[in-house]
Amino acid sequence: MVTPLRNIVLPAPPRVPACPLRERPARALSALLLALCCAWPAQAAHILVDAGHGPERPGAAGASGRAESLYNRDLAAALARALAALGDRTTRAEGIGADIPPSRRAAIAPDADLLVSIHHDSAQGRYLAAGRQAEFAGYSIFVSALNPHPARSLACARNIGSYLHAAGERPSGYHAAQVEGENHPFLDRRLGVHRYDGLAVLRTAPMPAVLVEAGVIVNPEEEARLGQSATIRRLAWAIAQGVHACLMGRLAEDRAIAH
């Protein structure tokens, strides 16, 4: 039986000078309740950060032989830290002792506002066999039309793509090629967003969901870049900004509708 690891990263509660305790018990209780309210941002979003793959099925092998799952864990950890710095709550899904099936990853935090699954890319086996690894580079973002929230998933995917683009990253594009094993059509060519209904982690999630392929690790030059701490931090910050901007807009819309 798989025991998923849950690591909830909470931002440090802010100081609340506007909520002082009074001497009288009733006022003290009111102030305490207000302080607890103030200590958690009213607009905080909750993101499930999924580090794709695990020790049993570690995903693609980089040009150096390093497993994709290790790259995924590094970037997912950096993404959780970046989201926390923006004031968002995170739950992390990682298969460390054993794999977590893709269809069960969303169940780790079913109340999350968004699932972001972190991966690193490969290329079709026939291209690798032909020695064409260096031809493939860049990020890709996937959403599923079978997810119960396709419009919100696409909105967040576009936000992430915008911030990755602004950070100097470029989409790979080859997943839209009409060849066997690919043919995942663009939903936004410029931002590298594709539709991919076959991904269980996206279509079975009860919340909006996005899968990010951060780059192509079978390309030796790109793998070396993706393993650098500066690159990991830049990618994490770009993804976090895209997620945060998307969810803050959605939460604001929900509050406006409620009122």
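- Gln241 is linked by a side chain to side chain donor-acceptor pair (under 3.5 Å) to Trp237, counting only residues two or more places apart in sequence or in another chain.
- Listed for the Glu68 side chain is a donor-acceptor partner under 3.5 Å among the backbone atoms of His120.
- Screening residues 80-112 for ring-ring contact (aromatic ring centres under 6.0 Å, His included), with sequence neighbours left out, gives no hits.
- Leu202 places none of its side-chain heavy atoms less than 4.5 Å from the side chain of Asp197.
- The hydrophobic cluster containing Val179, built from Ile/Leu/Val/Met/Phe/Trp/Tyr side-chain heavy atoms closer than 4.5 Å, also comprises Tyr127, Leu128, Phe136, Tyr174, Val216, Val218.
- By the side chain to side chain donor-acceptor pair (under 3.5 Å) test, Arg190 pairs with no residue at all, sequence neighbours left out.
- When atom types are taken as modelled, the side chain of Ser69 and the backbone of His53 share no donor-acceptor pair closer than 3.5 angstrom.
- A donor-acceptor contact shorter than 3.5 Å links the side chain of Tyr139 to the backbone of Leu191.
- A distance-only check finds no donor-acceptor pair linking the side chain of His46 to the backbone of Arg89 [under 3.5 Å].
- Although no hydrogens or angles enter the test, the distance criterion places no donor-acceptor pair under 3.5 Å between the side chain of Asp88 and the main chain of Ile47.
- The residues Glu223 and Arg66 are annotated as not salt-bridged, no charged nitrogen and carboxylate oxygen being separated by less than 4.0 angstrom.
- The pair Arg126-Glu180 fails the salt-bridge criterion, with no side-chain N (NZ, NE, NH1 or NH2) lying under 4.0 Å from an Asp/Glu carboxylate O.
- Residues in residues 199-217 take part in no side chain to side chain donor-acceptor pair (under 3.5 Å) pair, two or more places apart or across chains.
- Within 6.0 Å of CD on Glu221 lie no more than 12 heavy atoms contributed by other residues, nucleotides or ligands.
- Remark: the backbone N or O of Pro206 is paired with a side-chain donor or acceptor of His149 at under 3.5 angstrom.
- For the residue pair Asn72 and Gly52, the shortest heavy atom distance occurs at ND2-O, 2.9 Å.
- A distance of 11.0 Å separates CD1 in Ile141 from CG in Leu187, rounded to the nearest 0.5 Å.
- Remark: Arg57 does not engage Asp99 in a salt bridge, criterion side-chain N to carboxylate O under 4.0 Å.
- Annotation: ring-ring contact (aromatic ring centres under 6.0 Å, His included) contacts of His165 (sequence neighbours excluded): none.
- When side chains are defined from C-beta on, Arg158 counts as touching Leu154, because their heavy atoms get closer than 4.5 Å.
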